[in-house]
Amino acid sequence: MRLAFISDIHGNLPALRAVLGDAANRNVDRYFFLGDYFQDFPYPNEIVRELSSVKNAVYVRGNKEEGLAETGRKIGEKRFEQFAALDWNLEHMSEQSYNWLVGLPEKNEYSTDDCRVFSAHSVKNHFGVLEFGLFRSYKFAKEMDLSAFSHEEHLQRLRQAVSGNTELINAMNAAPGGIFAMGHSHVQWFLQMGGKLLINPGSCGLPLDMRPGAPYSIVETGSNGYSVEEYRAEYDINELIRGLRLSEFYAKSKIWSDLTIEALKDARDRFAPFLELAESIASEKNDETRPFCDEIWRESDRLRRASEQM
């Protein structure tokens with residue numbers, strides 16, 4: 001069987017459509033969607049319609065959908081600007097879309113004739129171990145800045161990192177054999193160890209591993225084990241950015257949207273450094289308000305822009 005794995009769409013409708021079109025041309029038998037379907041673009045209902053129309057599909061929730069389930073819609077509630085993108089989505093999301101998203105399970109186990117597929121949003125969901133090291137997009141960018149490495153070298157470094165993590169190895173050894181699919185880190189990778197395949201297709205809508213295109217992965221299963229194919233579907237990012245800047249969504253969540261646009265252009269994590277800057281400013285002001293108050297949020301944006309112009 002040929003299994004497609006797609007994750008972290010983040011509301012990027014053109015990227016999702018590009019990936020689905022590309023996967024359809026590669027004779028995929030079943031699709032596995034791994035969470036974080038909305039928020040960073042103004043297409044929550046279109047995304048749900050597109051996803052729910054896919055035949056032979058398995059879905060699990062991500063942390064975005066988990067947040068919906070925990071907090072409820074709370075439309076019209078005044079919150080800090082840090083939540084502007086989420087609040088816009090909540091206000092414009094239909095009841096049908098909302099119910100579909102919050103109704104998704106945290107995990108899924110699917111059995112084929114020749115393997116078992118365990119779907120969840122992150123490493124922690126599978127093995128109780130937090131993301132670490134090169135699993136994180138911000139760490140990936142820092143390491144790449146120190147000494148650029150190829151994707152093949154990255155996969156080797158991941159294998160070494162996992163091999164040296166006793167907690168993760170013990171958890172993996174206790175798990176049954178099969179494919180363990182996850183997203184969350186926005187970095188595409190896979191590794192095979194001890195009869196298990198761990199696979200992350202990267203972020204379809206907002207990749208942060210410094211490579212262009214909309215990533216997803218296909219696994220071909222059979223009597224000889226697993227064969228992994230990693231792909232990057234092409235779509236017009238510039239057109240997406242133009243549409244975003246003209247939208248009401250952009251006007252409501254300009255700071256976060258500008259970070260999203262920068263991340264789209266070079267597939268680099270712009271969010272973690274910004275949040276680190278906000279944390280530093282808040283600490284200097286002895287402001288313990290979390291999420292960040294609007295004053296801290298806007299001051300962080302001003303300083304970020306000033307540093308980029310130096």
Suppose we screen for side-chain contact (heavy atoms from CB on, under 4.5 Å). Which residues come up paired with [X], at least two apart in sequence or across chains?
| X | answer |
| --- | --- |
| N238 | D236, R242 |
| A24 | Y31 |
| A278 | F292, I296, S300 |
| K196 | A175, F180, L198 |

Could you tell me whether the side chain of K107 and the main chain of N125 form a donor-acceptor pair under 3.5 Å?
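Yes; at least one donor-acceptor contact below 3.5 Å.
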Can you list every salt bridge (Lys or Arg N to Asp or Glu O under 4.0 Å) pair that touches residues 197-226, not counting sequence neighbours?
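Pairs touching residues 197-226 that pass the test: R2-E220, D209-R232.
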Going by salt bridge (Lys or Arg N to Asp or Glu O under 4.0 Å), name the pairs with one or both residues in residues 4-17, residues two or more places apart or in two chains.
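Salt bridge (Lys or Arg N to Asp or Glu O under 4.0 Å) check on residues 4-17 returns R17-E50.
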Pairs satisfying side-chain hydrogen bond (donor to acceptor under 3.5 Å, both in side chains), at least one member in residues 257-269, at least two apart:
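Listed once each, the pairs are S137-D269, D145-R268, Y250-D258, S253-S257, K254-D258, D258-R305, E262-R304, D266-R270.
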Tell me, please, whether Y138 has R136 positioned over its six-membered ring: NZ or CZ under 6.0 Å from the ring centre and within 45 degrees of its axis?
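Cation-pi check for R136 and Y138: fails.
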Kindly write out the residues that satisfy side-chain hydrogen bond (donor to acceptor under 3.5 Å, both in side chains) with [X], not counting sequence neighbours, or none if the list is empty.
| X | answer |
| --- | --- |
| S163 | none |
| D294 | none |
| Q192 | none |
| R290 | E279 |

Are [X] and [Y] close enough for a salt bridge, meaning some N to O gap below 4.0 Å?
| X | Y | result |
| --- | --- | --- |
| E143 | K139 | yes |
| E106 | R61 | no |
| K285 | E299 | no |

Under the criterion ring-ring contact (aromatic ring centres under 6.0 Å, His included), which of F32, Y110, Y37, W100 is the partner of Y59?
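Testing Y59 for a ring-ring contact (aromatic ring centres under 6.0 Å, His included) against F32, Y110, Y37, W100 leaves exactly one candidate, W100.
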Can you list every ring pair (Phe, Tyr, Trp, His ring centres under 6.0 Å) pair that touches residues 262-289, not counting sequence neighbours?
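Of all non-adjacent pairs touching residues 262-289, those that pass ring pair (Phe, Tyr, Trp, His ring centres under 6.0 Å) are W256-F271, F274-W297.
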Run the ring-centre check on H92 versus F249 and record whether the distance is less than 6.0 Å.
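Distance test on ring centres: not under 6.0 Å, no.
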